[in-house]
Structure formats: structure tokens, C-alpha cells
Amino acid sequence: YESNPRVFIFFATNHIDLLNKAFLNRFDAINKIEIKNPDATMREALIKKSFEKLKIIFSDSQITHNSKHIKTIFPISFLNEIVQRSDAFSIRQILGIVRSAKVLADLRNNDQISKEIILEILKQMRANRTLEHQEEESDLLIKQFDIYNKRLTIANQIRQFYRTYT
């Protein structure tokens with residue numbers, strides 16, 4: 001790749017701070033493109049589009065429910081609640097709300113995705129995010145502790161070497 005300027009290497013990570021520095025130093029130019037989590041407008045659009053695939057819409061107007069293209073109608077206020085509760089979710093997690101709601105409804109032998117199922121999924125996902133965040137903090141502390149221990153070991157070896165040869 002070094003001899004051919006037309007070769008591009010792409011990689012993605014959620015934790016660039018955990019990548020090996022030697023690996024990162026192998027490349028002359030690293031251009032970081034950070035993709036942030038979607039804002040409220042984007043989350044709303046993702047949620048609406050994803051639920052539409054399951055024939056679920058959000059509307060406050062009176063729509064005849066006997067349309068074969070509509071299975072369930074939730075009020076706009078419920079869409080707003082989902083958007084609010086999915087704050088700081090990634091695109092994958094937002095799409096996971098819909099998939100998980102469908103699976104949970106199927107597991108309960110219920111063809112209908114209810115508000116209760118969606119709220120239960122959101123509650124579980126928020127709890128998982130908290131656990132993941134705690135695990136990330138714990139992993140970071142362990143990494144910092146390991147670095148501290150290595151530095152301490154090196155310092156002790158230097159002291160021992162200095163005592164032995166002076």
C-alpha cells in the first residue's frame with residue numbers, strides 16, 4: 001500500500017482510544033471522520049420510517065383503520081415520547097427498537113406491537129446503555145491501572161539497575 005498512492009485503507013471503531021498506538025503510527029495520515037448519534041429530528045424520521053415497514057404509523061388525525069396498509073396507529077405524542085427516550089441512541093440502537101419490538105410481540109404470540117412492548121424495549125435498551133457505559137469506564141480504569149503498573153515496574157527496574165551499578 002505504501003508504494004501505491006491509490007490504495008486507501010478504511011477502518012471503523014467506536015473506541016479509537018483503545019487502538020494500539022503502534023498500529024496508528026503505521027499510517028502517515030489518519031483522517032478521522034466522526035459520525036455522531038442522530039439528533040431528535042433524525043431519530044423521529046428513523047423511527048417513523050422503521051415502524052411504517054411494519055404498517056405502524058403515528059398520526060393524530062382520524063384515519064380509517066381498515067386499510068390493508070395500516071395495522072396500528074399511535075398518536076404523535078407517543079412518537080415524541082419514543083424520540084425523547086431514545087436520546088443518545090445510535091442509529092443501530094434506534095433500528096433495534098423496532099426489531100426488538102417485533103420479536104417481543106412474536107414471542108408473546110401477539111401480532112400487535114403495543115405501546116407497552118415499545119416502552120419495555122426502550123427501558124431495557126436504556127438500562128443496557130448504562131451497563132455498557134459502566135463497563136467502558138471500568139475497562140478504561142483497568143487500562144489506566146495497567147499502564148500505571150507498567151510504569152511503576154519500569155521505574156523500580158531503573159532504581160534497581162542504578163543501585164546495582166553505582
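- Across every non-hydrogen atom of Ser50 and Leu95, the tightest pair is OG-CD2, 3.1 Å.
- If you take CG on Leu107 and NZ on Lys102, they are separated by 10.0 Å, rounding to the nearest 0.5 Å.
- Rounding to the nearest 0.5 angstrom, the gap separating the CG atom in Leu104 from the CD1 atom in Ile118 is 10.5 Å.
- The 12-atom threshold is exceeded at CD of Gln124, counting heavy atoms of other residues, nucleotides or ligands nearer than 6.0 Å.
- In this structure, Pro38 and Leu46 approach most closely via the heavy-atom pair CG-CD1, 4.3 Å.
- Ile73 and Ser59 make their closest contact through CG2-O, 3.8 Å (heavy atoms, listed as atom of the first residue, atom of the second, distance).
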Inset, instruction - Determine, stepwise, if the pair Ile113 / Lys71 fulfils side-chain contact (heavy atoms from CB on, under 4.5 Å). - result: CA-CA 9 Å; Ile113 296 176; Lys71 189 185 277 188; over 6 Å; no

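- Atom-to-atom distance recorded for Ile82:CD1 and Asp87:CG is 14.5 Å, nearest 0.5 angstrom.
- When all heavy atoms are compared, the tightest approach of Ile76 to Phe58 is CD1-O, 3.4 Å.
- Ser86 contributes a side-chain N or O that, together with a main-chain N or O of Val83, makes up a donor-acceptor pair within less than 3.5 Å.
- Taken together through direct or relayed side-chain contacts under 4.5 Å among Ile, Leu, Val, Met, Phe, Trp and Tyr, Val103 and Met125 form parts of separate hydrophobic clusters.
- Taken to the nearest 0.5 Å, the CD1 atom of Ile47 stands 9.0 Å off from the CZ atom of Phe89.
- Looking at Arg43, its side chain never comes within 3.5 Å of a backbone N or O of Ile94 through a donor-acceptor pair.
- What you find for Ser114 and Phe74 is that their closest heavy atoms are C-CZ, 4.0 Å.
- Considering only heavy atoms from C-beta on, Lys115 comes within 4.5 Å of Pro75 through its side chain.
- Note on Arg108 versus Glu120: salt bridge recorded, some NZ/NE/NH1/NH2 to OD/OE distance being below 4.0 Å.
- In this structure, CG on Asn37 lies 10.5 Å from CZ on Arg92, to the nearest 0.5 angstrom.
- Distance check: Ile57 CD1 to Leu79 CG gives 11.5 Å after rounding to the nearest 0.5 Å.
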